[in-house]
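Okay, structure first, notes after.
The structure presented is a predicted model; accordingly, all values stated were derived computationally and were not measured.
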Amino acid sequence: AVQLVESGGGLVQPGGSLRLSCTGSGFTNFTFSSVALSWVRQRPGTGLEWISAINPAGNGPFYATSVRGRFTISRDNAKNTVYLQMNSLNTEDTAMYYCAIGYRPVCDGVWCERYWGQGTQVTVSS
């Protein structure tokens, strides 16, 4: 079965940075390098929010307005891993962060794709 495992979350002060990683495994009907990947977050008390996506080759990344210019998505297909570099973090970035397969795995605040990870918590606080 396909598994996506996120890591790299933690507690960081406002203005700080974190790099999240998500490694995939268990691919049978398709490969990690053949699919688009997204990062999604869920702030406390809110629905899922898509924040970034990257195509299979790693080109043309997409970002939500809320993170554009501060976050950078990248991938290493040789390592079956997608990354999210987060800079200039603020308290509004506090959330559980998930990686998922697909360009837009969230529909109206809920999952509408098949595969996502268990999440990694990011807390921005002084």
Side-chain angles (χ1 to χ4, degrees):
V2 173
Q3 269 199 312
L4 299 170
V5 179
E6 301 92 340
S7 62
L11 175 64
V12 62
Q13 291 187 339
S17 298
L18 280 176
R19 189 176 83 152
L20 306 183
S21 300
C22 170
T23 300
S25 63
F27 299 95
T28 53
N29 295 330
F30 56 93
T31 62
F32 182 89
S33 62
S34 70
V35 295
L37 296 160
S38 288
W39 285 96
V40 171
R41 69 184 180 186
Q42 186 167 28
R43 299 171 182 170
T46 69
L48 297 168
E49 174 192 12
W50 172 87
I51 57 173
S52 185
I54 190 166
N55 71 11
N59 301 320
F62 305 93
Y63 300 98
T65 302
S66 57
V67 305
R68 188 176 294 122
R70 300 187 298 123
F71 291 9
T72 303
I73 189 171
S74 62
R75 65 191 292 166
D76 185 340
N77 288 336
K79 296 182 179 179
N80 278 12
T81 300
V82 61
Y83 304 97
L84 187 68
Q85 177 67 42
M86 306 187 296
N87 299 328
S88 302
L89 286 162
N90 58 62
T91 56
E92 293 294 305
D93 296 316
T94 294
M96 184 71 79
Y97 284 75
Y98 303 88
C99 68
I101 290 175
Y103 282 107
R104 292 295 179 116
V106 173
C107 302
D108 295 327
V110 299
W111 294 112
C112 56
E113 282 283 357
R114 187 172 178 181
Y115 302 108
W116 62 89
Q118 86 290 347
T120 186
Q121 177 68 38
V122 172
T123 301
V124 184
S125 175
S126 55

Starting from [Y], can I reach [X] by hopping between I/L/V/M/F/W/Y residues whose side chains sit under 4.5 Å apart?
| X | Y | value |
| --- | --- | --- |
| L48 | Y115 | no |
| F32 | F30 | yes |
| L20 | I51 | yes |
| L84 | V35 | yes |

Is the ring centre of F62 less than 6.0 Å from the ring centre of W50? no

Go through the steps for S21 and E6 under the test side chain to side chain contact (heavy atoms under 4.5 Å, CB included), then give the verdict. CA-CA 6 Å; S21 300; E6 301 92 340; over 6 Å; no

So is R19 actually on top of Y83's ring, under 6.0 Å and inside 45° of the axis? yes

Verify whether one side chain among D76 and T81 offers a donor that lies under 3.5 Å from an acceptor in the other. no

Would you say S125 and T123 are linked by a side-chain donor-acceptor pair, where the criterion is simply a distance under 3.5 Å? no

For Q3, does the CD atom sit with more than 12 other heavy atoms under 6.0 Å from it, leaving out its own atoms? no

Testing the basics here: between [X] and [Y], what is the closest heavy-atom pair and its distance to 0.1 Å?
| X | Y | answer |
| --- | --- | --- |
| P56 | A36 | CG-N, 3.9 Å |
| V40 | P105 | CG2-CG, 3.8 Å |
| V82 | S74 | CG2-O, 3.1 Å |
| G16 | V12 | CA-CG2, 3.8 Å |

Flag, side chain of [X] to backbone of [Y], donor-acceptor distance under 3.5 Å:
| X | Y | value |
| --- | --- | --- |
| N55 | G58 | yes |
| D93 | V124 | no |
| T23 | V5 | no |
| R75 | N59 | no |
| S38 | Y103 | yes |

Once side-chain hydrogen bond (donor to acceptor under 3.5 Å, both in side chains) is applied, do any residues pair with T94, and if so which ones, sequence neighbours excluded? none

Show the numbers, then the answer: is there a side chain to side chain contact (heavy atoms under 4.5 Å, CB included) between R70 and N90? CA-CA 10 Å; R70 300 187 298 123; N90 58 62; 3.6 Å; yes

W116 vs I101, test: side chain to side chain contact (heavy atoms under 4.5 Å, CB included). Steps then yes/no. CA-CA 7 Å; W116 62 89; I101 290 175; over 6 Å; no

Under the side chain to side chain donor-acceptor pair (under 3.5 Å) test against Y97, which residue among R41, Q121, Q42 passes? R41

With rounding to the nearest 0.5 Å, note down the distance linking [atom1] in [X] to [atom2] in [Y].
| X | Y | atom1 | atom2 | answer |
| --- | --- | --- | --- | --- |
| C99 | I54 | SG | CD1 | 12.5 Å |
| N87 | F71 | CG | CZ | 8.5 Å |
| M86 | L18 | CE | CG | 4.5 Å |
| M96 | R43 | CE | CZ | 15.0 Å |
| E49 | S66 | CD | OG | 4.0 Å |
| L4 | L37 | CG | CG | 7.5 Å |

Passes side chain to side chain contact (heavy atoms under 4.5 Å, CB included), I73 versus W39? Steps please. CA-CA 8 Å; I73 189 171; W39 285 96; 3.5 Å; yes

Flag side-chain contact, heavy atom, 4.5 Å: T120 against S7: no

